[in-house]
Chemist: 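Take this structure, written in structure tokens, and hold onto it; I'll ask about it next.
Hydrogens, waters and symmetry mates are skipped; everything else that's a heavy atom, side chains included, is used. This chain uses plain numbering: 1 for the first residue, then up along the sequence.
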Amino acid sequence: MLSGLARALVQGGKISEAQAQELSARATQAKIQLIDQLIQSRAISARDLAHYCASSFSLPLLDLEALDISHLVDGVVDPKITTQHRVIGLKKREKRILVATSDPTNLQAVDQIKFQTQMPVDLVVVEHDKLLRLVEQKGKSAETKLSEMAGDDINLDDIELAQEETTTNVIADNDVDDAPVVRFLQKMLIDAINMGASDLHFEPYEKSYRIRYRVDGVLKEIAQPPIVIKEKLASRIKVISKLDISEKRIPQDGRMKLVLGPNRAIDFRVSTLPTLFGEKIVMRILDPSQAKLGIDALGYEPDEKAILMEAIQRPYGMVLVTGPTGSGKTVSLYTCLNILNQPGINISTAEDPAEIQLHGINQVNVNDKAGLTFASALKAFLRQDPDVIMVGEIRDLETADISIKAAQTGHMVFSTLHTNDAPTTLTRLANMGVPAFNIASSVILITAQRLARRLCASCKAPTSIEPEVLLQAGFKESDLDGSWTPYKPVGCSVCNDTGYKGRVGIYQVMPISEEMQRIILSNGTAMDIADQAARDGVRTLRQSGLLKVKQGLTSLEEVIGVTND
């Protein structure tokens, strides 16, 4: 059955059906495209074919010889697509791309260009012989540098997606290694890193496919590639993440690495989830440099920093970091571990999974199926002569009990819990079944934290807020003395018109004082502990956030949104 250009020519009476079938067979045998066979056999001239296609498909006709090819912009269309499909990208205009072709029935070329550029395509018809000469003249290696796609924000010459050796049964499939898919994935990863994203979401739906980044805690749609590439893209990600590409019925977890140069590599934690219309893939960006920014970069106030540094330098005890998912607990813990990471200190961590890899720290991934739980890892650590232990999360009584005993027997223990603030963390441990005297004798400091979006320094603007609103938010009368100015988000090209760029930490740093220990031993409530914390001068999360507002780092709306006082 005829299709594409052959069918169009038969319907237009330019060639007979028998002639079309014969020419198609010859083209297949010679391993050339039908349009080449048409011109070579003189079934139709290049000029007549161009005029017919322009008229039949209602497309503009362009004479390439009238163009000054020196003014054509390189990189409008991937050179590999140009060479393979014989098309030329002429220009970009008003978020559309103008492409010259001699065969407007070649929908595969159009789809690939849309996929590569993420822009609608407008076609113009040109004569085939002139197009071939121009393609040859403009042709270059299909191995285009990634920097042509991803911008020049960082040096990408030596970038590669590293795949570690694995015993997973990986099927060799040319579709998986399809160059446009590889380049598109690399572009998405580099763009995410340049934008400061924490996660990438690849989401298939019934009639669409979208990619979103989580930037500064907010999901933002970035691209809608053709839905036909969802399987290729998923397979490519699964191959380099050491996952089974033949298994699409159950969730899988893996890791991959993006090598940006000899001194920088970024890991990605990959999670797949079978949905109604394909596998949703979420990739968490794990940048080791984040753990090496230093304590000053996290946003602690000077008094909070001093209290935290004094606590982590103690020879034994437990330091707990609490907050919801995505509040920066891992970065805070690793910053503390990085400070303690000295040749004379033995540090071991049990995580699910290890997000940031740091040299000099013994990191263990828990594996419940294999019997390697937090509790069993902790027991093993205590036989490994540890100085510092980090437990990814205290989830049950057994883990809490072993952690506390470790803190009581001469070890510094770090861990996390999911609670709203510092005072409720102590009652959470009690509710898990930990005896009050164990809590009072082991926990030395609790830090609750949130991440608020930082106002863009390039466009933030002063604003006026009614005193009643400020008082209701938590400011005191003494704060309304006119010595500071609140700011609001505006939006510019630097912050992608959001008004915010980056995030700043909001902390409640609560050392456990003797008075708090007495309240714990007398089975006091979280409110009793919170009242004592206030008497000890500990700021609540809301109060710490309002301090960032006074400093012009974030907006009042953002602080109200991330704190729940």
Chemist: I'd like to check N362 versus T349 (side-chain heavy atoms, cut-off strictly below 4.5 Å). Are they in contact?
Modeler: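 Not touching, per the 4.5 Å side-chain cut-off.
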
Chemist: Do T335 and N338 pass the side chain to side chain donor-acceptor pair (under 3.5 Å) test, and can you show the C-alpha distance, the side-chain angles, and the key distance before you say yes or no?
Modeler: CA-CA 5 Å; T335 300; N338 204 45; over 6 Å; no

Chemist: Working to the nearest 0.5 Å, report the span between CD of Q186 and CD1 of I190.
Modeler: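 Separation between the atoms: 7.5 Å.
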
Chemist: Applying ring-ring contact (aromatic ring centres under 6.0 Å, His included), name anything that partners Y300, two or more places apart in sequence or on another chain.
Modeler: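 Partners of Y300 under the ring-ring contact (aromatic ring centres under 6.0 Å, His included) test: Y507.
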
Chemist: Are L556 and K488 close enough that some pair of their side-chain heavy atoms sits under 4.5 Å apart?
Modeler: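 Counting from C-beta outward, L556 and K488 never come under 4.5 Å.
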
Chemist: Who passes side-chain hydrogen bond (donor to acceptor under 3.5 Å, both in side chains) against K238, sequence neighbours left out?
Modeler: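 If we apply the side-chain hydrogen bond (donor to acceptor under 3.5 Å, both in side chains) test to K238, skipping adjacent residues, the hits are E279.
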
Chemist: Can you name the nearest heavy-atom pair linking I439 to A430, along with the distance?
Modeler: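 What the structure gives for the nearest pair is CD1-N, 3.6 Å.
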
Chemist: Can you name the side-chain hydrogen bond (donor to acceptor under 3.5 Å, both in side chains) partners of N365, sequence neighbours left out?
Modeler: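 N365 satisfies side-chain hydrogen bond (donor to acceptor under 3.5 Å, both in side chains) with no residue once adjacent residues are dropped.
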
Chemist: Below 4.5 Å, heavy atoms only, C-beta onward: do I281 and T272 meet side chain to side chain?
Modeler: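 Yes - at least one pair of side-chain heavy atoms lies under 4.5 Å apart.
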
Chemist: Can you give me the closest heavy-atom contact between P274 and P251, atom names plus distance?
Modeler: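 Taking every non-hydrogen atom into account, CD-N, 3.8 Å.
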
Chemist: Would you mind telling me which of T322, T540, I446, V443 makes a side chain to side chain contact (heavy atoms under 4.5 Å, CB included) with M510?
Modeler: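 When side chain to side chain contact (heavy atoms under 4.5 Å, CB included) is applied between M510 and each of T322, T540, I446, V443, only I446 qualifies.
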
Chemist: Hey, mind stepping through I285 and F268 against side-chain contact (heavy atoms from CB on, under 4.5 Å) and telling me if it holds?
Modeler: CA-CA 5 Å; I285 299 177; F268 294 80; 3.4 Å; yes

Chemist: Kindly say whether H359 contributes a backbone atom to a donor-acceptor pair with the side chain of N341 at under 3.5 angstrom?
Modeler: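 Answer holds: yes.
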
Chemist: Does the structure place the NZ or CZ of K460 under 6.0 Å from the centre of the six-membered ring of Y487, at an angle of no more than 45° from the ring's axis?
Modeler: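 Pair K460/Y487 counts as cation-pi.
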
Chemist: For the residue pair I394 and M432, establish whether any side-chain heavy-atom pair is separated by less than 4.5 Å.
Modeler: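 Counting from C-beta outward, I394 and M432 do come under 4.5 Å.
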
Chemist: Using atom types as modelled and distance alone, determine if a side-chain donor or acceptor of K329 lies under 3.5 Å from a backbone N or O of P324.
Modeler: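 Looks like yes, one N/O pair under 3.5 Å.
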
Chemist: Judged by atom type as modelled, is there a donor-acceptor pair below 3.5 Å linking the side chain of Q363 to the main-chain atoms of L358?
Modeler: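 Pair found, side chain donor or acceptor close to backbone of L358.
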
Chemist: How would you list, by chain and number, every residue that makes a side-chain hydrogen bond (donor to acceptor under 3.5 Å, both in side chains) with D267, sequence neighbours excluded?
Modeler: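 D267: side-chain hydrogen bond (donor to acceptor under 3.5 Å, both in side chains) contacts with R255.
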
Chemist: So which heavy atom on V413 is nearest to which on S403, and how close?
Modeler: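 Closest pair (atom of V413, atom of S403, distance): CG2-O, 3.7 Å.
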
Chemist: Taking all non-hydrogen atoms of both residues into account, name the closest pair between S208 and I227 and its distance.
Modeler: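 What the structure gives for the nearest pair is N-CD1, 3.5 Å.
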
Chemist: Is any NZ, NE, NH1 or NH2 atom of the basic residue among K548 and E301 found under 4.0 Å from an Asp or Glu carboxylate oxygen of the other?
Modeler: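 Salt bridge between K548 and E301, a charged N being under 4.0 Å from a carboxylate O: yes.
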
Chemist: Could you check whether atom CE of M119 has more than 12 heavy atoms from other residues, nucleotides or ligands sitting under 6.0 Å from it?
Modeler: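 Yes, the 6.0 Å shell around CE holds more than 12 heavy atoms from other groups.
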
Chemist: Please say which of T416, T419, N420 ends up in a side-chain hydrogen bond (donor to acceptor under 3.5 Å, both in side chains) with T425.
Modeler: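 So, applying the side-chain hydrogen bond (donor to acceptor under 3.5 Å, both in side chains) to T425 and each of T416, T419, N420, only T419 qualifies.
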
Chemist: Does the Q508 side chain pair with the main chain of A422, one donor and one acceptor, at a distance under 3.5 Å?
Modeler: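 Present.
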
Chemist: Taking side chain as C-beta onward, heavy atoms only, is I404 less than 4.5 Å from M318?
Modeler: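 The answer is yes, as the side chains (C-beta and beyond) meet within the 4.5 Å cut-off.
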
Chemist: Might you point out which heavy atoms bring E221 and Q224 nearest each other, and give the distance in Å?
Modeler: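 Residues E221 and Q224, closest heavy atoms: OE2-NE2, 2.8 Å.
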
Chemist: I would like to know whether V215 and T498 meet side-chain contact (heavy atoms from CB on, under 4.5 Å); could you show each step before the answer?
Modeler: CA-CA 10 Å; V215 181; T498 63; over 6 Å; no

Chemist: How about CZ on F277, more than 12 heavy atoms from neighbouring residues, nucleotides or ligands closer than 6.0 Å, or not?
Modeler: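 Atom CZ in F277 is crowded, with more than 12 foreign heavy atoms closer than 6.0 Å.
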
Chemist: For the OG1 atom of T554 and the CG atom of L546, what is their distance to the nearest 0.5 Å?
Modeler: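 Reported value, rounded in 0.5 Å steps: 10.5 Å.
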
Chemist: Within the 4.5 Å heavy-atom criterion, are K187 and R183 side-chain neighbours or not?
Modeler: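 Heavy-atom side-chain distance check fails, nothing below 4.5 Å.
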
Chemist: Apply the test side-chain contact (heavy atoms from CB on, under 4.5 Å) to residues K257 and I240: give CA-CA distance (whole Å), side-chain angles for both, the deciding distance (0.1 Å), then the verdict.
Modeler: CA-CA 8 Å; K257 179 175 291 186; I240 57 181; over 6 Å; no

Chemist: Working to the nearest 0.5 Å, report the span between CG of L480 and CG of L471.
Modeler: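 Answer rounded to 0.5 Å: 5.0 Å.
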
Chemist: Backbone N or O of S271 within a donor-acceptor pair of the D253 side chain at under 3.5 Å?
Modeler: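 Side chain of D253 to backbone of S271, a donor-acceptor pair under 3.5 Å: no, none is there.
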
Chemist: D191 versus Y213: any side-chain heavy-atom pair under 4.5 Å?
Modeler: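 Yes, their side chains come closer than 4.5 Å.
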
Chemist: Please check this pair: side chain of D481 against backbone of S483, looking for a donor-acceptor N/O pair closer than 3.5 Å.
Modeler: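 Yes; judged by distance alone, with no hydrogens or angles, the pair exists.
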
Chemist: Using side-chain hydrogen bond (donor to acceptor under 3.5 Å, both in side chains) as the criterion, list what pairs up with S332, not counting sequence neighbours.
Modeler: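 Q449.
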
Chemist: Take Q532 and D528, measure what side chain to side chain donor-acceptor pair (under 3.5 Å) needs, and give me the verdict at the end.
Modeler: CA-CA 6 Å; Q532 182 59 48; D528 297 329; over 6 Å; no

Chemist: Which atom names give the shortest non-hydrogen contact between L451 and G328, and what distance separates them?
Modeler: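 Here L451 and G328 meet closest at CD1-N, 3.9 Å.
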
Chemist: What distance separates M412 CE from L337 CG, expressed to the nearest 0.5 Å?
Modeler: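 Output value for this atom pair is 11.0 Å.
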
Chemist: Hey, what do you get for CD (E558) to CG (D216), rounding to the nearest 0.5 Å?
Modeler: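 The distance works out to 9.0 Å.
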
Chemist: Are E203 and V282 side-chain neighbours, meaning at least one heavy-atom pair lies under 4.5 Å?
Modeler: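 The answer is no, as the side chains (C-beta and beyond) never meet within the 4.5 Å cut-off.
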
Chemist: Would you say the side-chain atoms of S415 pair up with the backbone N or O of V391, donor to acceptor, closer than 3.5 Å?
Modeler: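 At least one qualifying donor-acceptor pair exists.
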
Chemist: Give me each pair satisfying salt bridge (charged side-chain N to carboxylate O under 4.0 Å, His left out) with a member in residues 302-314, each pair once, sequence neighbours excluded.
Modeler: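 Counting only pairs at least two positions apart or across chains, the salt bridge (charged side-chain N to carboxylate O under 4.0 Å, His left out) contacts touching residues 302-314 are D296-K305, D303-R539, E304-R539.
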
Chemist: Take Q118 and I222, measure what side-chain contact (heavy atoms from CB on, under 4.5 Å) needs, and give me the verdict at the end.
Modeler: CA-CA 10 Å; Q118 298 300 302; I222 299 299; over 6 Å; no

Chemist: Return the OG1 to CG distance between T447 and D421, rounded to the nearest 0.5 Å.
Modeler: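 Answer rounded to 0.5 Å: 12.5 Å.
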
Chemist: Any side-chain to backbone donor/acceptor pair from S235 onto K232? Under 3.5 Å, distance only.
Modeler: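 No; zero donor-acceptor contacts below 3.5 Å.
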
Chemist: So, the side chain of R450 versus the backbone of G323: is there a donor-acceptor pair under 3.5 Å, distance only?
Modeler: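 Checked: no pair found.
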
Chemist: Determine yes or no for a side-chain-to-main-chain donor-acceptor pair under 3.5 angstrom, with H201 supplying the side chain and R212 the backbone.
Modeler: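 No, because the side chain of H201 does not come within donor-acceptor range (under 3.5 Å) of the backbone of R212.
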
